[in-house]
Every structure is written in C-alpha cells, then in structure tokens.
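All of these numbers come straight from a predicted model, not from anything done at the bench.
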Amino acid sequence: MKKKIMALALAASMVASLAACGGKKEEAPAETTAAATEAATEAAKEETEAAKEEAATEEGVKSVEGLTIAFVPKLTGNAFFESANNGAQEYAKKWGFTVDYQGSSNASVADQVQVINNAIASGVDGICVSSVDATGLDSALTDAAAEGVTVGTWDSDVSDTARTLMVSQGTPDILGKMLIDMGADALTKRGKDPKKDEIKYCWHYSQATVADQNSWQVAGEAYIKETYPNWVNVAPDNYYSEQDAEKAVSIGASILEAHSDIDLIICNDSTALPGQCKAAQNKGLTKNDITITGFASPMSIKDYCEADVIEEWGLWDCGVQGAMGCYLTAYLAAGNTVKVGDKINIPEIGEVEVLPNDCLVEGATTAETNNGVVLMPERLIFTKENVGNYNF
C-alpha cells in the first residue's frame, strides 16, 4: 500500500511540475504529459482497489460480540474443567461475548443431555461441549442444531455429523505417544531400561466410551507394540473409574493390590491420575517404587509431585482450549463459514487451521463447510522443577 501511495505521489508530482512549466514558451511533449497522467490515474485506481479489498477483509468476518455460548464440561468440580472455564471466561470478556458455564457434578450422558436441553431452552446462540460418550449426545445436539443453535466440541468429541468444529488437544498418535514417552522417561529415571526390561503396565481412565481417552489408549498400545515389544499389559481390559474421584482412589488401590509387581500405570484421565497417586501414597509408595503418569492439570498433581509420588505427567493449557472452543463456536454462530484448509485468526491466541475429521478418526468424512478439527498449538510436561510455573 505504501508503494502505491508513493507511486501516486510521484505521478502527481510529475503532472504538477509539467503544469508549472506552462508559463514558459517551450511546452512538454504531449506523450510525456499523457504518460504522467495515466500513471497517476492507474496508481489512484490501484490504491482504491486495495483499500476496498482491505475493507472487505475486515468487514467479511462477522462479529462474535453479544453472543451467548453454553460451555458444557464432562462434569463440574474437576480441576481440568474448572480451569478450562476460567480461561474461557477471561478470553470471552476481551472478545465481547458471554460464556455460560453449564454442567453437572455427575459425568453421565443423561445429565449432559439435560444440560444441553436447558441451554437450548435458555436461548443460547451456541453450545460447546466436552462429551462423556462418543455418540450418546448425538441426538440432543442434532436437535439443538435444528433449533438454530451452533454446536461445537472440545476435549472429547461426539459424532462428527452432530457438531461443527472440534478443538482437540492433539491427534491420537501425538497423545498416545506422549503418554508412553513420559512413562518410559520416568522408568529410566528410576533405574529401569524400557528397551530391555519386561515392563508390567496397565491403563486406568474413565471409561471405554469416551472418545478422546479411548483413542489415546489405542494409539498408545500400537506405539508400545512397535517400540517396546517387551512390555506386558497385565490388564488388557483396562481399569475404569468413570471420572468419579472416590472411585478413582479405590480402583487405584485395587490395581496395586492385584498387581504388586506392576511397574507402570498410565492414567489418561484428569480424575484417574490424582486418584491413582492418592492410592499409591496411601500405600506408602513413591516414584522410586512405581511409575505413575498421565494427563491432569498441574495444580491437581502438584502435592503428589512434591511428595515424590510421581515423576512427571502432562497436559495442555486447558484454559486456552476452552477459550478456543467457545470462540470457534461463536465464530460460526455469528454466521461465518469455513472449510478444510481455511485459517482462522483467534484474537489473543493466534491463527489456527481447519483440518479434516480423519485426523482424529481414521476413515471419517468431513462436510463441505463448517465441519472439521482444530488442534491445540502445543502440549506440556510437568515435573517438580517446573510445576510451580503454572496456575491451572
């Protein structure tokens, strides 16, 4: 734009200079005057077109201001979901729309369906939900869409035909590998050789019907078979504690009771991990006796880390993820349209790209518009050295 303005100014200067010579007997050649005038006209035209394009770009994105998005967690009272809500609320104030945090203290399909129905009745513009079941909410969310409510998901998905965009913390391959790599690193730090030793392990998480956690477990198992064929899964059917804090402790205790020689417990669930750590602590075990790892907020595990119950665990900035889910739901609710490959600028967070659904589920199809997946930009690993740097 600056170059075009300079060209315009130069052309105008040329015309002015030629005009100033009009008092002299010798006149400028007609072709020189015509060329200067044409240059000035062309520069002005280009500047006008550029200004129009710039204005169209700004005006082309419909504002999210004034909208209301129902933000639905799997359950309330859990550190992960409360932190996600805090982040969503903080960002939404800057964006000018309302995030209505609605949920139940029970992680059940029936409770989430009731929350969704209540949100529809309250007249929200959009619903952004983390589902307790891969398909259990499909009917309620389809009904919401039929009522003109935009449906998005974050953290844990529903069927891709029942929502618009999903904000995922990462692909199953990324997160499954991350879980195993954290476990292998912690095993190494306590003197084990993950490549050579027979490592006895198991999985402890919420339930097999939760799309995200189950996909990480499947990908993690594939990675173990490829990288650590000497490892032995002592409970191929997995342990489930249904995102119940008390049950997570009791299930954690039963694992330790049934497998006294277990080396590694992988808890890819933010309720299972603190429960498993508590069970180990109750039994007097430390990170030198058993390796426990998984996904949970840093603050929910900090005390166990400082007590040397756990070496390392991971997550992502759930406050940013919650905010991203709410913003993208509001973005579509405002009337904006996207397709795979489009880039969306999320103010205060950055640019994200719409990916096809098969980046999460092999073989999944993606609708032509307003359907797909957006990934979190990064993931985090927490240890005693850095856990104090985080406050969620």
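Rounded to the nearest 0.5 angstrom, Ile174 CD1 and Leu179 CG are separated by 12.0 Å. We find the CG-CD1 distance between Asp263 and Ile292 to be 12.0 Å, quoted to the nearest 0.5 Å.
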Next on the checklist: side-chain hydrogen bond (donor to acceptor under 3.5 Å, both in side chains), that's the test. Do Thr271 and Asn78 meet it? Break it down for me.
Outcome noted: CA-CA 7 Å; Thr271 303; Asn78 173 281; 3.0 Å; yes
Item to check | side-chain hydrogen bond (donor to acceptor under 3.5 Å, both in side chains) evaluation trace for Asn118 with Gln114 | outcome: CA-CA 6 Å; Asn118 290 342; Gln114 185 60 53; 2.9 Å; yes
Checklist entry - Between Ile344 and Val354, is a side-chain contact (heavy atoms from CB on, under 4.5 Å) present by the stated rule, with each step listed? => result CA-CA 8 Å; Ile344 304 170; Val354 180; 3.9 Å; yes
Item to check | Ile301/Ile310 under side-chain contact (heavy atoms from CB on, under 4.5 Å): CA gap, chis, key distance, verdict | outcome: CA-CA 8 Å; Ile301 305 297; Ile310 185 172; 3.7 Å; yes
Checklist entry - Can Ile265 and Ile290 be said to form a side-chain contact (heavy atoms from CB on, under 4.5 Å), step by step? => result CA-CA 8 Å; Ile265 303 175; Ile290 186 171; 3.7 Å; yes
Checklist entry - Which is it for Tyr223 and Asp181 under the side-chain hydrogen bond (donor to acceptor under 3.5 Å, both in side chains) test, yes or no, and what are the steps along the way? => result CA-CA 10 Å; Tyr223 181 63; Asp181 286 347; 2.8 Å; yes
Item to check | Verdict with supporting geometry, Glu311 and Arg190, salt bridge (Lys or Arg N to Asp or Glu O under 4.0 Å) | outcome: CA-CA 9 Å; Glu311 178 70 44; Arg190 72 179 179 100; over 6 Å; no
Item to check | Asn370 vs Thr150, side-chain contact (heavy atoms from CB on, under 4.5 Å): CA-CA, chis, key distance, verdict | outcome: CA-CA 10 Å; Asn370 291 355; Thr150 299; over 6 Å; no
Checklist entry - Does the salt bridge (Lys or Arg N to Asp or Glu O under 4.0 Å) test come out yes or no for Asp308 and Lys384, once each step is laid out? => result CA-CA 9 Å; Asp308 286 331; Lys384 185 181 288 189; 2.7 Å; yes
Checklist entry - Is there a salt bridge (Lys or Arg N to Asp or Glu O under 4.0 Å) between Lys177 and Asp173 once you walk through the steps? => result CA-CA 6 Å; Lys177 181 178 183 297; Asp173 287 345; over 6 Å; no
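A donor-acceptor contact under 3.5 angstrom links the side chains of Gln89 and Asn85, judged on distance only. A side-chain N or O of Ser297 and one of Ser300 form a donor-acceptor pair less than 3.5 Å apart. For the residue pair Ser206 and Gln213, a side-chain donor N or O sits within less than 3.5 Å of a side-chain acceptor on the partner. A side-chain donor-acceptor contact under 3.5 Å links Gln169 and Asp155. Side chains of Asp317 and Gln321: a donor-acceptor N/O pair is absent below 3.5 angstrom, by distance only. Inspection of the Asp133 and Thr209 side chains reveals an N or O donor paired with an N or O acceptor under 3.5 Å.
The ring of Tyr205 has its center no closer than 6.0 angstrom to the ring center of Trp216.
Ring geometry for Phe80 versus Trp316: interplanar angle over 60°, hence perpendicular rather than tilted (30 to 60°). Using the six-membered ring where Trp is involved, Phe97 and Trp95 have ring planes that are parallel, under 30° apart on the 30 and 60° scheme. Ring-plane geometry between Phe71 and Tyr101 is classed as tilted, the angle between the planes lying from 30 to 60 degrees on a 0 to 90 degree scale.
Environment of NZ in Lys196: sparse, with no more than 12 heavy atoms of neighbouring residues, nucleotides or ligands closer than 6.0 Å. In the displayed structure, Lys189 atom NZ is contacted under 6.0 Å by more than 12 heavy atoms of other residues, nucleotides or ligands. The number of heavy-atom neighbours closer than 6.0 Å to CD of Glu351, taken from other residues, nucleotides and ligands shown, is above 12. Around the CD atom of Glu246, the shell of radius 6.0 Å holds no more than 12 heavy atoms that belong to other residues, nucleotides or ligands.
Within the 4.5 Å cutoff, the side chain of Ile255 has heavy atoms near those of the Cys202 side chain. No side-chain heavy atom of Trp231 sits under 4.5 Å from any side-chain heavy atom of Glu198. Contact annotation: the side chain of Leu328 approaches that of Val374 to within less than 4.5 Å [non-hydrogen atoms, C-beta and beyond]. No side-chain heavy atom of Thr329 sits under 4.5 Å from any side-chain heavy atom of Val151. Counting heavy atoms from C-beta on, the side chains of Leu264 and Leu187 come closer than 4.5 Å. The shortest distance between side-chain heavy atoms of Ile180 and Tyr201 does not fall below 4.5 Å. Side-chain contact between Tyr91 and Val320 is present, with heavy atoms from C-beta onward closer than 4.5 Å. In this structure, the side chains of Val72 and Cys128 stay at 4.5 Å or more apart for every pair of heavy atoms.
A salt bridge does not link Lys192 with Asp197: none of the charged nitrogens is closer than 4.0 Å to a carboxylate oxygen. For Asp138 and Arg163, the salt-bridge test fails: no basic side-chain N is under 4.0 Å from an acidic carboxylate O.
Using modelled atom types, no side-chain atom of Glu353 and backbone atom of Lys343 make a donor-acceptor pair closer than 3.5 Å. The closest donor-acceptor contact from the side chain of Asp269 to the backbone of Ala272 lies under 3.5 Å.
Under the 6.0 Å distance and 45° angle rule, Lys74 does not count as a cation-pi partner of Phe81.
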